[in-house]
Engineer: 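Take this structure, written in structure tokens, and hold onto it; I'll ask about it next.
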Amino acid sequence: MTEVKTGYLSLKDGQHNGEVVRVQLSKENLSLQREETFLVSPVDAEVNGPDIDSSKERSVCLRRQRIGGLGLSIKGGAEHNIPILVSRIFKDQTADQSGGLYVGDAILKVNGMTIERATHDEAVAALKNAGTEVVLTVRHFRAATPYLKQAAKLADESKLEAEQSNSTQNHDENWQTRNSALNQQQEANAKQPKPEKRWVDLLSIPLLMARVSRYTPGTDKLRPNSFELVGMDGVSSGILLCHNASELKDWLKCISANIATLNAQSMKISNNLLPPSDQILHMGWVGERLPTVMQMHTWKPKFLTIRGADIMLFNTPPVNTRDWLRCERIHKLYEVITRVYKDAELLDDRPHCFILQTGEASNNQHYLCTQSRSELNVWQSAMQRATHTAVSKLGTKTYGCTWRKRVVGLTFDLSTGFTLFDAQNKQAIIWRYRFSQLKGSSDDNISTVRLQFHNPNTDRVETQELECPHLRKLLHCMHAFLSTKLALVDPTFMKSATAMPGETPH
């Protein structure tokens, strides 16, 4: 669900130390605006309109009033081959909430819905049904401004003349003469430049693949009631300070929801071009705790992606084919064990942490964290589903081992279970057990694993000892096959499981 929100927060970014800015959240962007004062000539403002860039799109938030609605009128539409234009603004009704909206603005979107090519009636309906808080995406249409303002002025004059014609008044010529000089002076004063406050855009950050952080960079220290949004291109919003924890929670919830929606749409578009076995299943930002010099640690943002049978770590989000080839780390889902850390196990003050244990000889684990418990739950579910899907498509996996000084192959098969065969003759099966016959396992964390199976014919437990050069990968894969087999046998397993795949020790 897309969230639309506006508010006033304090900005700290090195240039604006605690300055109050207007923050506007739309479907696709987070925009910051600052209030500035301009000297505006009434004549110039009347004829030419505001001095703003007509090539840029702007976001303007309006709040619907009980009397007067949004406080604006529109003209144009597709039937006239012109955009939907703001023709009048009623300041007494908008209660100064239309700051940043001007006569001559073309309305492109209403709460993210495009009306750029809508008819006049369709635009009116969109505005009426937009709710209490409405975010308009606009672009100034300078050429139309003088005509719209002149039309509004003529309408006001006609209305005034009609009102005056309904009352009979005796005009005193001496009174007119006496006040003529005063009127001339007032007209001259009215032509003098006057200060006018306007909300001016500071920056706008696209939400697609953006990340939100509450932490001081590189540390596990939370900023009180503050957050930072960093775009895919690295542009930062600066530190935005909320008034209280409740307001912070609401902003984080709304921004995260919009980012998730855009990321899901991006995945859908990409998946239309990818084969079924290589679909992007989930992606998003996490933090990784990395060692530095002198036994210290630092946190760095990483973009984590589940694609096909792989889990991938990037320094920056992949947006094209070449970026996908620049993956920092890539592991097979069925050769990775994931485990959520309990509060007592956390390595520092960052909560919501989990670990990826790989079978690699070096750099064999990643200690990661999310920004919230809900994000951790989403990753938990996504990784569990993706692992089971990868194993189901794989079907079988074989590892080279040594058994009683013989070179053998150990195969995990979803249909038949465990099979050990001679490496020189694959048809020569040494032993076979179903998954349900496995009663336990142990290993020396180097190369040796002992598997204990129940033999129903003898009603005894048989221990099979194997030497494997890739022990951790074999154990992780065995767990993935066992978990997937259980999910296939018991469909409720996927719904009832609360731990990430890989929490059972070997």
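Since we're looking at a predicted model, the values are computed, not measured.
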Engineer: Nearest 0.5 Å, what's the CG-CG distance between L325 and D323?
Structural biologist: 8.5 Å
Engineer: Would you check, one step at a time, whether the test side chain to side chain contact (heavy atoms under 4.5 Å, CB included) holds for E57 with L108?
Structural biologist: CA-CA 9 Å; E57 292 185 6; L108 309 179; 3.5 Å; yes
Engineer: Say you draw a straight line from CD of Q357 to CD1 of I355; how long is it, rounded to the nearest 0.5 Å?
Structural biologist: 5.0 Å
Engineer: Could you tell me whether a side-chain N or O of S381 sits under 3.5 Å from a main-chain N or O of N377, the two making a donor and an acceptor?
Structural biologist: no
Engineer: Over 60° means perpendicular and under 30° means parallel, so tell me whether F481 and F435 are parallel, tilted or perpendicular.
Structural biologist: tilted
Engineer: Take atom CD in E345; do more than 12 heavy atoms of anything else shown fall under 6.0 Å from it?
Structural biologist: yes
Engineer: May I ask you to establish whether K5 and W251 are in a cation-pi arrangement, using a distance under 6.0 Å from NZ or CZ to the six-membered ring centre and at most 45° from the ring axis?
Structural biologist: yes
Engineer: Tell me, do H331 and E360 make a side-chain contact under 4.5 Å, heavy atoms counted?
Structural biologist: yes
Engineer: Taking NZ, NE, NH1 and NH2 as the nitrogens, is one of them in K109 or E116 under 4.0 Å from a carboxylate oxygen of the other?
Structural biologist: no
Engineer: Could you tell me the separation between the OG atom of S59 and the CG atom of L101, rounded to the nearest 0.5 Å?
Structural biologist: 11.5 Å
Engineer: Which of parallel (below 30°), tilted (30 to 60°) and perpendicular (above 60°) describes W199 and Y8?
Structural biologist: tilted
Engineer: What class does the angle between the rings of W403 and W431 fall in, given that below 30° is parallel, 30 to 60° is tilted and above 60° is perpendicular?
Structural biologist: perpendicular
Engineer: Using only atom types and a distance under 3.5 Å, with no angle test, would you say the side chain of W285 pairs donor to acceptor with the backbone of M209?
Structural biologist: yes
Engineer: Calculate, to the nearest 0.5 Å, the distance between atoms CD1 and CG belonging to I239 and L9 respectively.
Structural biologist: 12.5 Å
Engineer: Identify which one of E467, E462, E465 satisfies the salt bridge (Lys or Arg N to Asp or Glu O under 4.0 Å) criterion when paired with R450.
Structural biologist: E465
Engineer: So does H479 get a backbone contact from the side chain of S483, meaning a donor-acceptor N/O pair under 3.5 Å?
Structural biologist: no
Engineer: Considering only heavy atoms from C-beta outward, does the side chain of L438 approach that of Q452 to under 4.5 Å?
Structural biologist: no
Engineer: With respect to E228, which candidate in S236, S213, S237 satisfies the side chain to side chain donor-acceptor pair (under 3.5 Å) definition?
Structural biologist: S236
Engineer: So do the side chains of Q437 and P456 get within less than 4.5 Å of each other, counting heavy atoms only?
Structural biologist: yes
Engineer: Under 4.5 Å between any side-chain heavy atoms of L208 and S266, yes or no?
Structural biologist: yes
Engineer: Tell me whether the centres of the aromatic rings in F453 and F418 are closer together than 6.0 Å.
Structural biologist: yes
Engineer: Determine whether T137 and V110 make a side-chain contact, defined as any pair of heavy atoms from C-beta on separated by less than 4.5 Å.
Structural biologist: no
Engineer: Take a 6.0 Å sphere around NE2 of H470 and say whether it holds more than 12 heavy atoms from other residues, nucleotides or ligands.
Structural biologist: no
Engineer: Kindly determine whether Q33 and Q24 satisfy side chain to side chain contact (heavy atoms under 4.5 Å, CB included), including the steps that lead there.
Structural biologist: CA-CA 8 Å; Q33 296 177 323; Q24 294 181 328; 3.9 Å; yes
Engineer: Show, in sequence, the C-alpha distance, side-chain angles and deciding distance for Q371 and R214, and conclude whether the side chain to side chain contact (heavy atoms under 4.5 Å, CB included) test is met.
Structural biologist: CA-CA 8 Å; Q371 291 290 316; R214 295 183 57 199; 4.1 Å; yes
Engineer: Within 45° of the six-membered ring axis of Y215 and under 6.0 Å from that ring's centre, is NZ or CZ of R350 located there?
Structural biologist: yes
Engineer: Only counting residues at least two apart or in another chain, list the ones meeting ring pair (Phe, Tyr, Trp, His ring centres under 6.0 Å) with F421.
Structural biologist: none
Engineer: Is R339 close enough and on-axis enough to Y341, meaning under 6.0 Å and within 45°, for cation-pi?
Structural biologist: yes
Engineer: Drop me the distance from E28's CD to I205's CD1, to the nearest 0.5 angstrom.
Structural biologist: 14.5 Å
Engineer: Determine whether a donor-acceptor pair (N or O, by modelled atom type, separation under 3.5 Å) exists between the side chain of T216 and the backbone of T219.
Structural biologist: no
Engineer: Apply salt bridge (charged side-chain N to carboxylate O under 4.0 Å, His left out) to R22 and E35, showing your working.
Structural biologist: CA-CA 8 Å; R22 182 161 67 177; E35 193 174 38; over 6 Å; no
Engineer: Quick one, L11 and L240 - any side-chain contact, counting heavy atoms below 4.5 Å?
Structural biologist: yes
Engineer: Do Q279 and L281 have side chains that get closer than 4.5 Å, going by heavy atoms?
Structural biologist: yes
Engineer: State, yes or no, whether a side-chain contact exists between L471 and D443 at a heavy-atom distance under 4.5 Å.
Structural biologist: yes
Engineer: Answer yes or no: is there a donor N or O on one side and an acceptor on the other, between the side chain of S226 and the main chain of P224, under 3.5 Å?
Structural biologist: yes
Engineer: Atom CG in L451, atom CE in M478: separation rounded to 0.5 Å?
Structural biologist: 5.5 Å
Engineer: Apply the test side chain to side chain donor-acceptor pair (under 3.5 Å) to residues R472 and N445: give CA-CA distance (whole Å), side-chain angles for both, the deciding distance (0.1 Å), then the verdict.
Structural biologist: CA-CA 8 Å; R472 303 320 303 176; N445 205 28; 3.0 Å; yes
Engineer: Check whether any side-chain N or O of K302 sits under 3.5 Å from a backbone N or O of E288 as a donor-acceptor pair, and report yes or no.
Structural biologist: no
Engineer: Judged by atom type as modelled, is there a donor-acceptor pair below 3.5 Å linking the side chain of N111 to the main-chain atoms of V135?
Structural biologist: yes
Engineer: Look at the side chain of N271 and the backbone N and O of I280, then say whether any donor-acceptor pair between them is shorter than 3.5 Å.
Structural biologist: yes
Engineer: Identify the heavy atoms of C401 and L474 that sit nearest to each other, and give their distance.
Structural biologist: SG-CD1, 3.8 Å
Engineer: Is it true that a side-chain atom of D444 and a backbone atom of T448 form a donor plus acceptor pair closer than 3.5 Å?
Structural biologist: yes
Engineer: Could you go through L262 and Q265, starting from their C-alpha distance and side-chain angles, then the distance that decides it, and tell me whether this counts as side chain to side chain contact (heavy atoms under 4.5 Å, CB included)?
Structural biologist: CA-CA 5 Å; L262 291 172; Q265 293 173 355; 3.7 Å; yes
Engineer: Report yes or no: does D413 contribute a side-chain atom to a donor-acceptor pair with the main-chain N or O of K397 at less than 3.5 Å?
Structural biologist: no
Engineer: Between D105 and R58, is there a salt bridge with N-O shorter than 4.0 Å?
Structural biologist: yes
Engineer: Are W324 and F303 close enough, and set up right, to give a ring pair (Phe, Tyr, Trp, His ring centres under 6.0 Å), and what steps lead you there?
Structural biologist: CA-CA 12 Å; W324 284 100; F303 196 79; 8.4 Å; no
